[in-house]
Amino acid sequence: MSMPMLFEFLNATWQTLYMVMISGLCAVIFGLPLGIVLLITQKHYILPNRAINSTMGSIVNAVRSVPFIILLVALI
């Protein structure tokens, strides 16, 4: 493998790891508190609140389907 090709490979590997670290950090920052709130607001848990739980659950379910919709559009 030539040196420029090796440099490009290492650069692409670093960029991939960087994107994974950033997306993982965002998932922890936003997803963990959201998951905890969804858990504790369920019926028979610490702070049962049906309005908050159903609203946040609907938002999570809507956002969770976005990657699949993007894939469908890309395939069409």
Side-chain angles (χ1 to χ4, degrees):
M1 189 180 297
S2 65
M3 278 307 252
M5 195 172 187
L6 180 64
F7 178 74
E8 284 296 320
F9 176 74
L10 292 175
N11 189 28
T13 302
W14 166 247
Q15 289 175 353
T16 301
L17 291 174
Y18 180 73
M19 286 187 290
V20 168
M21 287 186 290
I22 295 297
S23 63
L25 184 63
C26 289
V28 169
I29 289 173
F30 297 112
L32 191 63
L34 183 63
I36 291 171
V37 169
L38 280 171
L39 178 71
I40 65 172
T41 57
Q42 284 182 355
K43 187 176 182 181
H44 304 302
Y45 274 84
I46 299 169
L47 299 170
N49 190 331
R50 183 179 169 147
I52 290 176
N53 190 281
S54 63
T55 303
M56 290 179 74
S58 297
I59 292 170
V60 166
N61 287 330
V63 171
R64 198 168 51 185
S65 65
V66 169
F68 181 70
I69 294 170
I70 292 171
L71 176 64
L72 284 177
V73 169
L75 290 176
I76 292 174

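Grouping the Ile, Leu, Val, Met, Phe, Trp and Tyr side chains by contacts below 4.5 angstrom, directly or via other members, places I40 apart from M56. Linking ILVMFWY residues whenever their side-chain heavy atoms come closer than 4.5 Å, directly or via other members, leaves Y45 and V37 in distinct clusters. Taking hydrophobic clusters as Ile, Leu, Val, Met, Phe, Trp and Tyr residues chained together by side-chain heavy-atom distances below 4.5 Å, V60 shares a cluster with I52.
Once rounded to the nearest 0.5 Å, the distance linking CG of L38 with CD1 of I59 reads 9.5 Å. Atom-to-atom distance recorded for I70:CD1 and L75:CG is 12.0 Å, nearest 0.5 angstrom. Atom CG of residue N61 and atom OG of residue S54 lie 11.0 Å apart, to the nearest 0.5 angstrom.
Shortest non-hydrogen contact noted between V63 and P67 is O-CD, 3.7 Å.
Side chain to side chain, N53 and T41 meet the donor-acceptor criterion of an N or O pair below 3.5 Å.
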Atom pairs and distances, side-chain donor-acceptor, residues 4-29, under 3.5 Å, sequence neighbours left out:
{"unit_1": "T13", "atom_1": "OG1", "unit_2": "F9", "atom_2": "O", "d": "2.8"}
{"unit_1": "T16", "atom_1": "OG1", "unit_2": "A12", "atom_2": "O", "d": "2.9"}
{"unit_1": "S23", "atom_1": "OG", "unit_2": "M19", "atom_2": "O", "d": "3.1"}
{"unit_1": "S23", "atom_1": "OG", "unit_2": "V20", "atom_2": "O", "d": "3.1"}

